[in-house]
Amino acid sequence: MTTILAQGSSGVGNPALNIAIFVAFVVITMGIVIRASRTTKKASDFYTGGGQFTGPQNGFAIAGDYLSAASFLGIAGAIAVYGYDGFLYSIGFLVAWLVALLLVAEMLRNTGRFTMADVLSFRLKQRPVRMAAALSTLVVSLFYLLAQMAGAGGLVALLLDIHDKAGQAIVVAVVGVLMIVYVLVGGMKGTTYVQMVKAVLLIAGAGVMFVLVLFAVRGNFSQLLSDAQNMVTNSTNEAVAGRDVLAPGAKYGLTSMSQLDFISLGIALVLGTAGLPHVLMRFYTVPTAKEARRSVTWAIGLIGAFYLFTLVLGYGAARMVGPDKILAAPGKENAAAPLLAFELGGTLFLSIISAVAFATILAVVAGLAITASASFAHDIYASVIKRGNATEEQQVKVSRITVVVIGVAAIVLGILAMGQNIAFLVALAFAVAASANLPTLLYSLFWKNFNTTGALWSIYGGLISCLVLIVFSPAVSGATSSMFPDSDFSWFPLSNPGIVSIPLAFLLGIAGTYVGRRKLEDPAKQAEMEVRSLTGVGVEKAVAH
């Protein structure tokens with residue numbers, strides 16, 4: 001039996017047991033998906049589960065969709081190694097839900113039907129706006145999907161003791177195939193049930209670890225912090241030794257540029273969540289706007305509890321495992337939570353937590369795949385190519401084909417991206433969502449003079465500026481942590497472009513609106529959208545016309 005690593009040359013726990021528990025989870029959830037497929041008959045069933053989920057059910061599903069492997073493994077590892085600066089990620093991800101609750105959830109549910117483009121094109125020109133919104137959705141979903149798939153390959157080295165690229169590539173392919181099967185068979189209903197199960201397992205697993213860590217220090221949180229700081233101070237790693245993990249600056253430093261970089265990342269995280277297509281789509285799975293509000297409230301409670309757990313888990317890993325073992329493990333910071341699970345409960349507990357980590361990836365990629373496929377089938381195929389003349393059966397058929405194409409693309413790109421800077425891909429997804437989607441969404445809902453030109457300038461301007469700045473940033477080249485560390489073509493100094501691309505997208509929306517002000521939109525549609533978004537009157541009607 002392979003035991004906990006010290007030199008980074010082997011995995012942790014028992015790989016066979018890890019696989020067995022994961023297979024058991026797959027079998028159980030596949031049964032749930034097959035049962036859900038029996039009631040998936042119409043396009044609304046496939047895309048939104050027929051809008052039949054309650055607020056609490058959807059809240060659990062949102063938590064399952066939002067809490068990715070990066071949240072569980074990445075944040076706990078960041079806190080274990082960087083302390084205070086690592087916990088700021090938890091704060092940013094949680095605060096973001098207040099934006100979604102206050103500005104987006106209810107009005108989006110009242111105005112749209114299947115996708116974000118339904119809202120953006122409600123009172124604007126259908127074809128150009130739907131095309132722009134769908135392209136933005138596909139870009140965000142693909143990069144988020146790519147990060148999850150590549151992350152799956154990276155976790156394999158630690159959890160299943162697979163070190164060669166071929167073995168990790170096989171695992172990426174398995175995750176992709178399972179994702180395709182889940183979505184094809186169960187649609188949104190099956191995906192939602194998988195996400196609900198995964199949310200319960202993830203939060204429960206983190207909660208048990210939280211209790212065990214506090215039990216180890218007899219409930220003395222101050223002692224936990226003190227012991228964690230001592231382990232970091234006495235580290236043999238020169239980059240870590242002497243680091244103050246109880247104060248700001250361990251990760252982002254105290255220079256003006258590093259602080260500006262963190263502000264930029266924070267803006268992208270806080271505003272990006274309200275523009276993530278796979279999160280926005282979840283608001284359509286409930287029957288009323290009231291249930292949409294309830295679902296976000298439940299999600300905030302569940303996600304908030306989880307992120308509070310990560311504070312104790314991170315410092316617990318620093319105290320009980322130590323930064324030296326964490327950084328020596330395959331996956332480095334990502335190994336903190338599994339290594340802590342091994343210390344707390346041995347091989348069996350580690351296997352369970354490992355299975356939960358894989359389940360987390362599986363649930364998130366399924367949600368992303370169905371969002372991307374719905375956007376292509378509903379917005380591009382039905383509304384742009386077929387000009388609104390496609391039947392529901394045709395839309396669902398195209399959506400299923402799109403799932404397979406997206407799944408294959410994600411497998412290939414995920415294999416190619418193994419070993420690359422995955423955090424960059426996640427940050428890009430949030431930055432694109434905050435730059436291209438959120439400004440246009442807010443203007444459509446709250447500015448009556450907003451027009452098609454403004455929408456196109458905002459979406460394309462935010463999307464292009466974000467992608468260009470990322471490509472020429474230290475996240476891609478010019479640094480040891482870059483995707484291409486041996487090259488240097490960066491001229492933009494920040495790793496995340498949010499502080500530039502997000503305000504630019506808002507300004508472009510205003511400028512485009514005034515440039516295109518002579519092309520007046522239908523005032524009746526604007527009035528209908530305002531009444532419907534605020535009251536929900538007419539929400540049962542189809543929005544495509």
Hey, is the main chain of [Y] close enough, under 3.5 Å, to the side chain of [X] for a donor-acceptor pair?
X	Y	value
Thr440	Ser458	no
Ser373	Ala369	yes
Asp85	Pro248	no

Angle class for the Phe450/Tyr443 ring planes (parallel below 30°, perpendicular above 60°, tilted otherwise)?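 If you compare the ring of Phe450 with that of Tyr443, the planes turn out tilted.
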Taking the side chain as every heavy atom from C-beta outward, state whether [X] and [Y] have any pair of such atoms under 4.5 Å apart.
X	Y	value
Phe53	Tyr193	yes
Val99	Thr273	no
Ile470	Phe143	no

Pairing donors with acceptors under 3.5 angstrom, does anything connect the side chains of [X] and [Y]?
X	Y	value
Ser490	Ser473	no
Thr310	Ser90	yes
Tyr381	Thr402	no
Ser501	Ser435	yes

Between Phe430 and Phe93, is the ring centre distance below 6.0 Å?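 For Phe430 and Phe93, the ring centres are under 6.0 Å apart.
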Is the OH atom of Tyr84 crowded by more than 12 outside heavy atoms at less than 6.0 Å? no
